[in-house]
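Inspection log for the structure reproduced underneath, given as structure tokens.
We number each residue from 1, following the sequence as shown. Keep in mind that this is a model prediction, so the values were computed, not measured. Reckoned from all heavy atoms, side chains included, excluding hydrogens, waters and symmetry mates.
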Amino acid sequence: MTEEKWGQLRNRLLKTVGQNNFTTWIEPLEFDTVDGGVAVFKVPTNFMGNYVSQNFADLILHELTMSGEPVQRLAFRVAANSPARPAEPAVAAGSFSGAQDDLAVMTAPAAAAGRDTLEALQAAPLDPRFTFDSFVVGKPNELAHAAARRVGEGGPVTFNPLVLYGGVGLGKTHLMHAIAWELKEKNPHLNVLYLSAEQFMYRFVQALRERKMMDFKHLFRSVDVLMVDDVQFIAGKDSTQEEFFHTFNALVDQNKQIIISADRAPGEIKDLEDRVKSRLQCGLVVDLHPTDYELRLGILQTKVQQQRETYPDLRIADGVLEFLAHRISTNVRVLEGALTRLFAFASLVGREIDMDLTQDCLADVLRASERKITVEEIQRKVSEYYNIRMSDIIGPKRLRSYARPRQVAMYLCKQLTSRSLPEIGRRFGGRDHTTVMHGVKRIEELKLTDGQIAEDVEMLRRSLEA
């Protein structure tokens with residue numbers, strides 16, 4: 001068979017197996033000879049030869065037969081100029097081309113334990129939106145961001161493992177993806193494996209069932225960087241934890257970087273073995289704290305700029321972002337989702353994003369956020385803060401020492417609850433909604449000119465949201 005004929009056959013194989021499989025398994029094959037009905041190919045490693053023989057031999061044999069070659073079987077020989085030890089898998093070309101990249105594994109699947117393994121690991125592709133450039137940094141996450149940046153630079157391992165932990169929607173997965181993208185950009189040939197703890201367990205169980213543990217070990221112990229998301233998932237799963245522990249040790253012994261995320265500190269994960277906890281705690285453990293108002297506002301402002309690319313003509317009224325940053329305080333994903341919904345809704349109805357539209361569109365989200373803060377709680381906090389009785393805030397007295405705290409309380413009720421102006425008025429001794437509106441507007445004006453009022457409002461808000 002000529003090289004030209006083999007090139008044509010390779011093109012047909014590319015269409016059949018796909019770009020990633022082709023790049024990893026077919027492209028490295030070097031056609032040698034056809035001898036006595038046996039097509040001989042040179043391969044870089046024994047592992048690759050065994051894998052191609054097991055998974056692609058029938059397909060290659062079929063294509064050879066269809067092209068008229070008198071071949072009954074295939075043989076693979078390690079090329080004479082190949083290194084003595086198995087070559088490290090290389091990064092598959094083009095695996096980071098866009099949002100629907102095929103690989104959640106930033107590594108050539110040459111280390112994979114079979115075609116099913118590869119497909120499973122491709123189920124959660126890296127998100128191109130999750131980069132360091134798009135990560136908004138504030139006091140609650142600045143240490144985690146700095147540590148992730150340091151690991152993303154590559155080079156000598158300074159702390160191993162890096163463990164990022166925190167609640168839902170605080171940016172753990174974003175930082176994990178950002179590290180992976182940064183490593184890929186700085187060193188395209190680095191063998192980086194990113195997957196969830198659930199995927200790790202699934203591959204482990206499948207390897208046991210199919211008696212492919214050696215392939216499994218090869219996959220997970222031949223990487224340069226191992227990234228495991230949501231490690232708390234393996235808690236209570238003894239066999240998986242044992243294999244994870246041995247994989248961890250093998251990589252650390254080779255000075256390979258490990259990056260882990262969890263929903264809580266390793267020492268607080270129930271049913272996680274002590275030896276695994278100890279290993280995770282031997283590196284740098286960083287907490288992503290709940291977001292504060294400033295960070296949430298910064299995130300919203302960044303997301304607004306991104307939304308402008310899709311909705312360039314939409315206007316957003318003053319105060320809306322501040323309102324959302326105050327009200328949706330527990331989860332950044334919910335915050336971002338609320339903004340996305342607002343822009344889409346405003347575009348459909350052709351309206352400006354003002355406070356009325358915001359409260360109408362996000363009524364369910366705001367109700368969920370309101371469960372933590374009630375009008376009564378705000379009234380109590382304000383009365384305690386200004387050292388007056390709660391009855392004086394609600395009552396009819398119009399002395400300045402009572403009127404100003406009352407207006408502050410009305411303002412906070414408008415900002416931190418989803419109650420309407422008439423409802424708020426009824427909670428303040430049956431006052432008219434126009435009185436509430438005047439009070440809210442007055443505090444908004446004073447916040448700009450009176451530093452003490454601005455500080456009082458911020459202190460009270462922080463106390464209520466704590």
Atom pair [atom1] ([X]) and [atom2] ([Y]), whose distance is rounded to the nearest 0.5 Å:
{"X": "Leu446", "Y": "Tyr411", "atom1": "CG", "atom2": "OH", "value": "11.0 Å"}
{"X": "Ile259", "Y": "Ile179", "atom1": "CD1", "atom2": "CD1", "value": "4.5 Å"}
{"X": "Asp263", "Y": "Ile269", "atom1": "CG", "atom2": "CD1", "value": "6.5 Å"}
{"X": "Lys414", "Y": "Gln359", "atom1": "NZ", "atom2": "CD", "value": "4.0 Å"}
{"X": "Arg380", "Y": "Ile393", "atom1": "CZ", "atom2": "CD1", "value": "11.5 Å"}
{"X": "Met176", "Y": "Phe130", "atom1": "CE", "atom2": "CZ", "value": "12.5 Å"}

Evaluate side chain to side chain contact (heavy atoms under 4.5 Å, CB included) for Leu29 paired with Ile60, printing each intermediate quantity in order. CA-CA 11 Å; Leu29 299 180; Ile60 296 172; 4.0 Å; yes
Parallel, tilted or perpendicular: which one describes the rings of His174 and Phe135, with boundaries at 30° and 60°?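 Judged by the thresholds at 30° and 60°, the geometry between His174 and Phe135 is perpendicular.
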Given side chains that start at C-beta, do those of [X] and [Y] come closer than 4.5 Å, heavy atoms only?
{"X": "Phe343", "Y": "Thr310", "answer": "no"}
{"X": "Arg296", "Y": "Leu300", "answer": "no"}
{"X": "Val43", "Y": "Val52", "answer": "no"}
{"X": "Val228", "Y": "Ile258", "answer": "no"}
{"X": "Val231", "Y": "Val163", "answer": "no"}
{"X": "Leu280", "Y": "Val285", "answer": "no"}
{"X": "Glu458", "Y": "Lys447", "answer": "no"}
{"X": "Arg341", "Y": "Cys361", "answer": "yes"}

Grab the two heavy atoms, one from [X] and one from [Y], that are nearest each other, plus how far apart they are.
{"X": "Lys277", "Y": "Leu272", "result": "CE-O, 3.0 Å"}
{"X": "Val334", "Y": "Val365", "result": "CG1-CG1, 3.8 Å"}
{"X": "Asp271", "Y": "Gln241", "result": "O-NE2, 3.2 Å"}
{"X": "Val136", "Y": "Gly298", "result": "CG1-C, 3.9 Å"}
{"X": "Phe204", "Y": "Met213", "result": "CE1-CE, 3.7 Å"}
{"X": "Pro405", "Y": "Val382", "result": "O-CG1, 3.4 Å"}

In sequence, state the C-alpha distance, the side-chain angles, and the governing distance for Met201 and Lys237, and then conclude on side chain to side chain contact (heavy atoms under 4.5 Å, CB included). CA-CA 9 Å; Met201 188 193 74; Lys237 301 170 177 68; 3.0 Å; yes
Within 6.0 angstrom of Asp318 CG, more than 12 heavy atoms from elsewhere: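 No, not enclosed.
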Using only atom types and a distance under 3.5 Å, with no angle test, would you say the side chain of [X] pairs donor to acceptor with the backbone of [Y]?
{"X": "Asp229", "Y": "Tyr194", "result": "no"}
{"X": "Arg77", "Y": "Lys42", "result": "no"}
{"X": "Gln379", "Y": "Arg427", "result": "yes"}
{"X": "Arg73", "Y": "Leu61", "result": "no"}
{"X": "Arg419", "Y": "Ile424", "result": "no"}
{"X": "Ser53", "Y": "Gly49", "result": "no"}
{"X": "Lys172", "Y": "Gly167", "result": "yes"}
{"X": "Ser261", "Y": "Asp230", "result": "yes"}
{"X": "Asn141", "Y": "Gly138", "result": "yes"}
{"X": "Trp181", "Y": "Asp127", "result": "yes"}

Apply salt bridge (charged side-chain N to carboxylate O under 4.0 Å, His left out) to Arg12 and list each qualifying residue two or more places apart in sequence or on a separate chain.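 Only Glu63 meet the salt bridge (charged side-chain N to carboxylate O under 4.0 Å, His left out) criterion with Arg12.
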Which residues satisfy the salt bridge (charged side-chain N to carboxylate O under 4.0 Å, His left out) test with Arg150, sequence neighbours excluded?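 Expected list: Glu153.
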Phe200 ring center near Phe216 ring center (under 6.0 Å):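 Centroid separation for Phe200 and Phe216: below 6.0 Å.
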Does the pair Leu14 and Arg10 meet the rule for a side chain to side chain contact (heavy atoms under 4.5 Å, CB included), with working shown? CA-CA 6 Å; Leu14 170 61; Arg10 278 160 41 111; over 6 Å; no
Given Phe31 and Val40, is the side chain to side chain contact (heavy atoms under 4.5 Å, CB included) satisfied, shown in steps? CA-CA 7 Å; Phe31 174 72; Val40 181; over 6 Å; no
Assess the residue pair Glu243 and Arg221 against the criterion (salt bridge (Lys or Arg N to Asp or Glu O under 4.0 Å)); give the C-alpha distance rounded to whole Å, side-chain angles, the decisive distance to 0.1 Å, and a yes or no. CA-CA 11 Å; Glu243 183 57 38; Arg221 300 182 190 188; 2.7 Å; yes
